[in-house]
Amino acid sequence: MAHAVPTPKTSAGPAGRRTTPDVFGPRTHLLAKWAVPVVAGLIYGYWAAANRRYGGPVTGWNLLFGFLTALAFVVLYAVVRAVAQRLPREGHAVLWGAFAGSALGFLYVQSGVAMFTCILASLLLAGAVTAAMFYVFYSREDATGHRV
């Protein structure tokens, strides 16, 4: 006896396409929209402060540097996220690549290595992130260039 194969319950998205359901509510998305950059900024600030003190004792200036670095990271992340949404896919990808490369370069330079090494590593990461983001944005657009 033949039976129909069960299909997953999904909601219909734009243009009748089937999308996965949104399991989180708007409040959870709003919380995640700000919690992710803040947590990432705190981790980034701790990492920068740890690189800068070269394994020495934690001082007040080191803590201040870490918190200011975290604040700068969160603000820049929010600005990049707000500006990047208004750009076409090429600019969007380049902006995120530049942000990632700059963030790595700042962390790397705090460890005291040669400037050429920092620049090379930053450019490599920026290029890789730009290429990956361009692919992601390009594969999620329709034929006219509108985001799905």
Side-chain angles (χ1 to χ4, degrees), residues 8 10-148:
T10 59
S11 59
R17 282 184 245 148
R18 298 174 66 83
T19 61
T20 57
D22 187 11
V23 295
F24 299 115
R27 185 175 177 190
T28 306
H29 283 288
L30 181 64
L31 178 69
K33 181 180 178 179
W34 291 107
V36 168
V38 168
V39 169
L42 288 173
I43 293 170
Y44 186 83
Y46 172 75
W47 195 348
N51 283 352
R52 189 167 192 165
R53 64 185 168 92
Y54 304 112
V58 177
T59 64
W61 291 112
N62 189 249
L63 285 174
L64 179 65
F65 175 77
F67 281 117
L68 289 178
T69 302
L71 178 66
F73 182 88
V74 171
V75 168
L76 286 173
Y77 184 96
V79 168
V80 167
R81 186 175 57 196
V83 170
Q85 293 175 351
R86 298 184 181 112
L87 297 175
R89 65 179 172 242
E90 295 86 5
H92 197 164
V94 167
L95 190 58
W96 279 112
F99 177 72
S102 300
L104 175 73
F106 182 76
L107 280 180
Y108 207 24
V109 81
Q110 296 304 317
S111 63
V113 298
M115 188 58 69
F116 178 74
T117 309
C118 296
I119 292 170
L120 182 63
S122 297
L123 288 175
L124 287 173
L125 180 71
V129 169
T130 298
M133 291 292 103
F134 179 79
Y135 173 76
V136 167
F137 300 140
Y138 185 77
S139 64
R140 286 168 173 76
E141 289 183 350
D142 59 10
T144 58
H146 297 93
R147 294 187 182 123
V148 178

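Quantities reported herein were computed from a predicted structural model and do not represent experimental measurements.
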Original post:
How many angstroms lie between atom CG of Leu104 and atom OH of Tyr44, to the nearest 0.5 angstrom?
Top reply: 8.0 Å
Subject >> Shortest non-hydrogen separation from Ala126 to Gly101 and the atoms involved >> reply: CB-CA, 4.1 Å
**OP:** Output the distance between atom CE (Met133) and atom CZ (Arg89), rounded to the nearest 0.5 Å.
**Re:** 14.5 Å
Check residues 62-82 and write down every donor-acceptor pair under 3.5 Å in which the side-chain atom is one partner and the other belongs to a residue at least two apart or another chain.
from: Asn62; atom 1: ND2; to: Ala49; atom 2: O; distance (Å): 3.0
from: Thr69; atom 1: OG1; to: Phe65; atom 2: O; distance (Å): 2.7
from: Arg81; atom 1: NH1; to: Lys33; atom 2: O; distance (Å): 2.8
from: Arg81; atom 1: NH2; to: Lys33; atom 2: O; distance (Å): 3.3

Subject >> Residue Tyr54 excluded, over 12 heavy atoms near OH under 6.0 Å >> reply: yes
Original post:
OH of Tyr46 to CG of Asn51: how many Å apart, nearest 0.5 Å?
Top reply: 10.0 Å
Original post:
Say you draw a straight line from CZ of Arg86 to CG of Leu95; how long is it, rounded to the nearest 0.5 Å?
Top reply: 12.0 Å
Subject >> Shortest non-hydrogen separation from Leu87 to His92 and the atoms involved >> reply: CB-N, 3.8 Å
Original post:
Between CZ of Phe134 and CD of Glu90, what distance do you get to the nearest 0.5 Å?
Top reply: 5.0 Å
Original post:
How many angstroms lie between atom CG of Leu125 and atom OG1 of Thr130, to the nearest 0.5 angstrom?
Top reply: 8.5 Å
Original post:
Short question: side chain of Ser111, backbone of Tyr108 - any donor-acceptor pair under 3.5 Å?
Top reply: yes
Original post:
Between Ser122 and Gly105, what is the shortest heavy-atom contact and its length?
Top reply: OG-CA, 2.9 Å
